[in-house]
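Below is one structure, written out as structure tokens, with a few remarks after it.
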Amino acid sequence: MVTDSSYIPLGHAIRRARLRLEFNQHEFADRLNSEHGGNWSQVKVSRVEAYGRELNLQELMTIVDVLGIDALRGTYEMDQILGVASEYAQSLKTAMLDAIDGLESAHKALTDGLS
């Protein structure tokens, strides 16, 4: 359990963002279903907001798509996901730069060998 007081629970952030968009739980469930399919209902939305039900990554990304990423910033879960995504992007960048360096070295070796 996170005790850092700078974080707010994800369920509360979802509820706050939903209300900011002026959706009731039924409308929000309908929006989730119409844009992404699935089996969202008012009860499911209520449980998510009250932390009575955990979200899988796909469900969270669906909610993020409808609410917008900024609506969920500052929650522990979203910050964790963004942190992992950032680390992954950095590792991909490093791997790509290493591959480019390798290709440049191979190219140089080939052109030097041909001279």
Side-chain angles (χ1 to χ4, degrees):
M1 185 63 152
V2 176
T3 58
D4 184 340
S5 62
S6 67
Y7 287 113
I8 59 171
L10 181 61
H12 293 166
I14 291 169
R15 181 177 188 279
R16 187 175 60 198
R18 173 183 59 79
L19 292 173
R20 198 172 309 131
L21 293 173
E22 299 182 0
F23 293 144
N24 64 37
Q25 290 176 336
H26 287 283
E27 292 166 333
F28 186 48
D30 288 346
R31 185 73 169 266
L32 292 166
N33 288 329
S34 68
E35 292 187 18
H36 295 278
N39 58 348
W40 289 92
S41 66
Q42 179 274 325
V43 171
K44 187 174 179 178
V45 169
S46 176
R47 287 185 179 147
V48 166
E49 291 180 352
Y51 261 116
R53 183 185 182 287
E54 290 185 8
L55 291 169
N56 64 42
L57 184 59
Q58 181 62 42
E59 290 170 330
L60 180 58
M61 293 298 102
T62 297
I63 290 171
V64 165
D65 188 48
V66 171
L67 295 178
I69 188 79
D70 290 334
L72 302 181
R73 285 190 190 276
T75 63
Y76 177 74
E77 293 87 344
M78 187 54 62
D79 285 355
Q80 290 294 102
I81 289 169
L82 293 173
V84 168
S86 178
E87 290 173 14
Y88 181 66
Q90 185 60 44
S91 70
L92 285 176
K93 178 182 175 184
T94 300
M96 289 174 62
L97 290 173
D98 289 346
I100 290 168
D101 286 345
L103 288 171
E104 287 174 344
S105 295
H107 180 261
K108 183 173 180 352
L110 281 172
T111 55
D112 288 348
L114 296 174
S115 317

Q: Decide whether I63 and L19 are clustered together by the hydrophobic rule: side chain heavy atoms of Ile, Leu, Val, Met, Phe, Trp, Tyr closer than 4.5 Å, transitively.
A: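 Not linked; separate clusters.
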
Q: Verify the cluster assignment for Y51 and W40: are they in a single hydrophobic cluster under the rule of side-chain heavy atoms below 4.5 Å apart?
A: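 Shared cluster, yes.
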
Atom pair [atom1] ([X]) and [atom2] ([Y]), whose distance is rounded to the nearest 0.5 Å:
| X | Y | atom1 | atom2 | value |
| --- | --- | --- | --- | --- |
| D65 | E35 | CG | CD | 6.5 Å |
| R31 | L67 | CZ | CG | 9.5 Å |
| L97 | L92 | CG | CG | 11.0 Å |
| I100 | S105 | CD1 | OG | 12.0 Å |
| D98 | K93 | CG | NZ | 12.0 Å |
| I14 | L60 | CD1 | CG | 6.5 Å |

Q. Would E59 and T62 count as a side chain to side chain contact (heavy atoms under 4.5 Å, CB included) if you check the C-alpha gap in whole Å, the side-chain angles of each, and the deciding distance to 0.1 Å?
A. CA-CA 5 Å; E59 290 170 330; T62 297; 5.5 Å; no

Q.
Can a donor-acceptor pair be found, under 3.5 Å and without considering hydrogens, that links the side chain of N33 to the backbone of A29?
A.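 Yes; judged by distance alone, with no hydrogens or angles, the pair exists.
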
Q: Ignoring hydrogens and angles, tell me if any N or O in the side chain of S46 forms a donor-acceptor pair with the backbone of Q42 under 3.5 Å.
A: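 Looks like no, no N/O pair under 3.5 Å.
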
Of all heavy-atom pairs between [X] and [Y], which one has the smallest distance, and what is that distance?
| X | Y | answer |
| --- | --- | --- |
| Q25 | V45 | CG-CG1, 3.8 Å |
| F23 | R18 | O-NH1, 2.8 Å |
| L55 | V48 | CD2-CG2, 3.6 Å |

(Q) For N39, I'd like to know if atom CG has over 12 heavy atoms of other residues, nucleotides or ligands within 6.0 Å. (A)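 Counting neighbours around CG of N39, 12 or fewer heavy atoms of other residues, nucleotides or ligands fall under 6.0 Å, so no.
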
Q) How far apart are the C-alpha atoms of E27 and L21, what are their side-chain angles, what is the distance that settles it, and do they pass the side chain to side chain contact (heavy atoms under 4.5 Å, CB included) test? A) CA-CA 10 Å; E27 292 166 333; L21 293 173; over 6 Å; no

